[in-house]
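Indexing begins at 1, ligand by ligand and atom by atom, following the structure's order. Predicted model only: the values in this text are computed from it and were never measured.
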Amino acid sequence: MKIIAANWKMDGSKELIDNLAISLSDLKLVFNFIFCPPFTLIDYSIQKFASFAKIGAQDCSVFENGPHTGDISCSRLADIGCSFVIIGHSERRKSGDYDSAIKTKIENAQKAGINQIVCVGEDLNTYESGKTLDFLSQQIKVLKSVLNNNTVIAYEPIWAIGTGKIPILKEIEKIHNFIEKETGLTVIYGGSVTLNNYIDILSIKSVGGVLVGGESLKIERFSKMLYTW
Ligand code: 13P
């Protein structure tokens with residue numbers, strides 16, 4: 001089954017979760033649904049969606065426990081029933097998450113029994129200079145030793161996130177084939193996925209799913225995506 005994952009980033013509310021729950025009450029699941037709200041809404045999402053969705057966090061601490069005020073460890077996430085965590089999102093890499101921290105976070109998640117969605121993706125400059133595969137190969141190489149059977153790779157070209165631009169389908173296919181070959185893992189696509197383009201993207205064989213940002217906060221459109229696939 002393909003994956004449809006939602007990343008609400010810093011947005012959303014209990015009210016929006018209630019609306020989504022009402023809207024999805026007749027949903028027949030023909031895909032794996034992974035819902036990643038902000039930390040503060042994880043517990044509420046589990047209460048509302050646990051029967052049909054896996055709930056994920058958007059990040060985790062580099063530490064396993066101890067005096068790290070404000071951090072949230074993988075074991076705390078596991079304790080409340082969270083079963084996925086997004087690691088290495090470009091928005092976190094931009095705020096200082098470097099390869100060594102990403103590796104440690106993957107190991108911590110693995111130890112706590114949490115599945116990981118590990119993000120990779122090139123910036124516009126790299127894309128325009130035709131160096132996408134070289135760049136991805138390097139990003140994957142440094143993480144390879146910690147990737148495991150509970151890791152899903154999310155290919156998210158940075159220039160496609162929140163911009164309304166996506167690579168052409170042939171490019172997505174080629175890049176996913178490449179990542180799949182390098183890692184042997186399921187590869188999902190993220191970056192400006194909408195109700196209008198998700199079927200074309202999900203229909204590509206090497207696309208194991210989609211990671212949806214902005215569109216997943218629009219309850220009517222997102223619900224339509226889930227009912228239509
Ligand atoms: P958008 O769907 O808003 O482009 O965000 C993609 C993303 O970053 C998902 O993790």
Which ligand 1 atoms, with their elements, are less than 4.0 angstrom from a heavy-atom of [X]?
X	value
N7	9 (C), 10 (O)
L211	9 (C), 10 (O)
K9	5 (O), 6 (C), 7 (C), 8 (O)

Exercise for the section: Look at the aromatic rings of Y155 and H176 and report parallel, tilted or perpendicular, splitting at 30° and 60°. Expected result: perpendicular

Report yes if [X] has an N/O atom closer than 3.5 Å to an N/O atom of ligand 1; otherwise report no.
X	value
G190	no
G213	yes
G162	yes
T163	no
E91	no

Problem - Protein contact to atom 9 (C) of ligand 1 [nearest heavy atom, distance to 0.1 Å] - result: E156 OE2, 2.9 Å

Practice task
Please write down residue, atom name and distance for the protein heavy atom closest to atom 3 (O) of ligand 1.
Solution key: G214 N, 2.8 Å

Problem - Side chain, backbone, both or neither: the part of I161 lying under 4.0 Å from ligand 1 by heavy atom - result: both

Completion exercise
With heavy atoms and a 4.0 Å threshold, my read on which part of E215 contacts ligand 1 is neither

Problem - Contact check, side chains of I4 and F35, non-hydrogen atoms, under 4.5 Å - result: no

Practice task
Could you verify whether a donor N or O on one side chain and an acceptor N or O on the other, from W159 and E122, lie under 3.5 Å apart?
Solution key: yes

Practice task
Would you tell me whether S73 and N65 have side-chain atoms, one donor and one acceptor, within less than 3.5 Å of each other?
Solution key: no

Exercise for the section: Assess whether side chain to side chain donor-acceptor pair (under 3.5 Å) is satisfied between N148 and Q116, documenting all intermediate values. Expected result: CA-CA 9 Å; N148 57 80; Q116 317 95 52; 3.1 Å; yes

Practice task
May I ask you to decide whether E215 forms a salt bridge with K218, counting only side-chain N to carboxylate O separations under 4.0 Å?
Solution key: yes

Problem - Pair E91 + K94, salt bridge at N-O below 4.0 Å - result: no

Handout entry: Given K105, H89, R92, the one that forms side chain to side chain donor-acceptor pair (under 3.5 Å) with D97
Key = K105

